[in-house]
Amino acid sequence: TCSVDVIITDTITPVFNCALSMTVNSDPGACGTTVSLPSGAAVDTLISDNCDHSPTWSQIAGPPSGFFPVDMTWIIYEAKDAIGNATTCTFSVIVIGETVPALDYGGTQFCTTGGPLSPIVAMPAGGSFECSTCAGGIDSDGTIDLSVIGVGTHAISYMNACTAPDSISTTITVTAPASATINYPTAPLCSTEGPATVDVIGSSGGTFSSPTGLVFIDQATGEVDPSSSPAATHTVIYTLPAAGGCAAFTTSTTVQVVAGSLSVIDYTDSIYCNISAVVPVMNTTATPGNYTHIPSGLDLNSTTGTITLG
């Protein structure tokens with residue numbers, strides 16, 4: 001008799017139908033997204049073997065399921081049969097990001113007194129901010145100290161932190177709040193006098209008003225008419241409207257209008273001989289006043305108005 005040992009060796013590797021590559025979008029405002037890698041029956045059905053009806057597989061390279069950044073990431077799976085014959089499947093996970101970032105401060109005009117200003121939109125997260133005119137008044141999270149960066153127009157850029165970086169810019173204009181004082185230099189104002197003007201020190205362009213009956217010739221200039229205004233102490237309000245992100249501004253002063261009287265004076269004649277005499281004045285008003293004269297040299301009693309001749 002003759003005995004023959006027949007050894008059958010399996011050297012054929014499993015067949016791996018490597019159709020696993022995927023392309024996904026990043027989450028809004030983020031530099032990536034959560035990816036679940038193929039698993040279970042989704043992979044089992046792609047593997048076959050000539051001898052082993054249940055070949056096994058495992059991941060041998062690349063990150064596991066979880067957060068994948070904006071980029072192309074390579075994954076390698078390995079399939080084995082019972083003998084240990086192995087084959088691999090290399091596939092890609094592509095995460096497409098937002099190539100154009102977004103930046104919004106909720107407006108374009110702000111006041112130096114507005115306090116910290118933070119962006120309401122800065123996407124995708126994790127980017128960096130740049131501002132060449134902000135004098136150190138911008139933080140790493142984009143918060144701006146309006147009192148530090150100062151009055152003017154400032155360009156702020158936001159750099160995308162994702163792969164294939166990009167940037168976007170926006171401009172803001174910072175304005176100082178209005179400030180002014182007002183004064184009527186000729187006050188008190190006599191009702192027999194002509195128009196009176198106001199001095200404005202500070203912000204111009206406001207309007208004038210009075211709740212106490214003071215009559216304005218022009219509310220834009222603050223010029224008043226004392227002759228049409230009641231005799232009283234009046235409150236004058238100067239108002240500047242809200243502008244450039246700053247609130248409206250008001251200031252006030254008081255101005256007194258006093259009632260004047262028209263005096264008519266006369267003397268018995270207009271020509272006198274320079275002899276010793278006293279010439280009384282005729283005054284038609286009962287309101288006391290003082291007398292003056294021009295040119296100098298006349299002996300005039302400033303209280304009574306009498307002239308001493310000779």
Side-chain angles (χ1 to χ4, degrees), residues 1-105 118-131 138-143 156-170:
T1 62
C2 177
S3 296
V4 178
D5 292 331
V6 179
I7 300 174
I8 301 175
T9 302
D10 180 11
T11 60
I12 301 175
T13 60
V15 176
F16 204 143
N17 180 16
C18 193
L20 296 176
S21 292
M22 64 180 72
T23 299
V24 296
N25 293 320
S26 66
D27 295 333
C31 291
T33 189
T34 299
V35 174
S36 294
L37 295 177
S39 62
V43 179
D44 294 340
T45 56
L46 300 178
I47 304 171
S48 61
D49 187 74
N50 62 321
C51 294
D52 188 351
H53 297 297
S54 299
T56 60
W57 64 271
S58 63
Q59 181 178 344
I60 62 172
S65 296
F67 186 83
F68 277 60
V70 173
D71 203 349
M72 177 184 289
T73 303
W74 293 101
I75 307 295
I76 301 177
Y77 283 0
E78 183 183 62
K80 285 185 179 182
D81 61 18
I83 301 299
N85 297 315
T87 190
T88 59
C89 167
T90 301
F91 63 95
S92 64
V93 176
I94 300 174
V95 179
I96 300 174
E98 297 174 342
T99 59
V100 179
L103 177 63
D104 186 6
Y105 279 91
S118 297
I120 61 173
V121 175
M123 297 192 307
S128 59
F129 296 83
E130 293 182 0
C131 177
I138 184 168
D139 293 339
S140 59
D141 64 355
T143 300
I156 300 153
S157 298
Y158 183 64
M159 306 298 295
N160 190 346
C162 299
T163 302
D166 202 349
S167 67
I168 191 170
S169 295
T170 188

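Quick caveat: nothing in here was measured; it's all calculated off a predicted structure.
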Legend entry - Test item: Pro119 and Leu103 side chains (from C-beta on) under 4.5 Å apart, heavy atoms: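 Of all side-chain heavy-atom pairs linking Leu103 with Pro119, at least one is under 4.5 Å.
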[atom1] of [X] to [atom2] of [Y]: how many Å apart, nearest 0.5 Å?
X      : Y      : atom1 : atom2 : answer
Leu20  : Thr90  : CG    : OG1   : 10.5 Å
Asp81  : Thr87  : CG    : OG1   : 10.5 Å
Ile94  : Met72  : CD1   : CE    : 3.5 Å
Ile156 : Glu130 : CD1   : CD    : 11.5 Å
Ile76  : Ser58  : CD1   : OG    : 11.0 Å
Ile75  : Cys18  : CD1   : SG    : 11.0 Å

Quick check against the 3.5 Å criterion: does [X] have a side-chain atom that pairs as donor or acceptor with the backbone of [Y]?
X      : Y      : value
Tyr158 : Gly127 : yes
Ser26  : Ile96  : yes
Ser21  : Phe91  : no
Tyr77  : Val43  : no
Asp139 : Gly142 : no

Inset, instruction - Mind checking side-chain hydrogen bond (donor to acceptor under 3.5 Å, both in side chains) for Asp104 and listing every partner two or more places apart, or none if nothing turns up? - result: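 side-chain hydrogen bond (donor to acceptor under 3.5 Å, both in side chains) list for Asp104, sorted by chain: empty.
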Looking only at heavy atoms, what is the nearest atom pair of [X] and [Y], with distance?
X      : Y      : answer
Pro14  : Lys80  : CG-C, 4.0 Å
Gly40  : Trp57  : N-CZ2, 3.7 Å
Ser36  : Met22  : O-CE, 4.2 Å
Ser140 : Phe129 : O-CD1, 3.3 Å
Ile47  : Pro55  : CG2-CG, 3.5 Å
Val95  : Thr33  : CG1-CG2, 4.1 Å

Inset, instruction - Evaluate side-chain contact (heavy atoms from CB on, under 4.5 Å) for Asp10 paired with Asp49, printing each intermediate quantity in order. - result: CA-CA 10 Å; Asp10 180 11; Asp49 187 74; 4.0 Å; yes
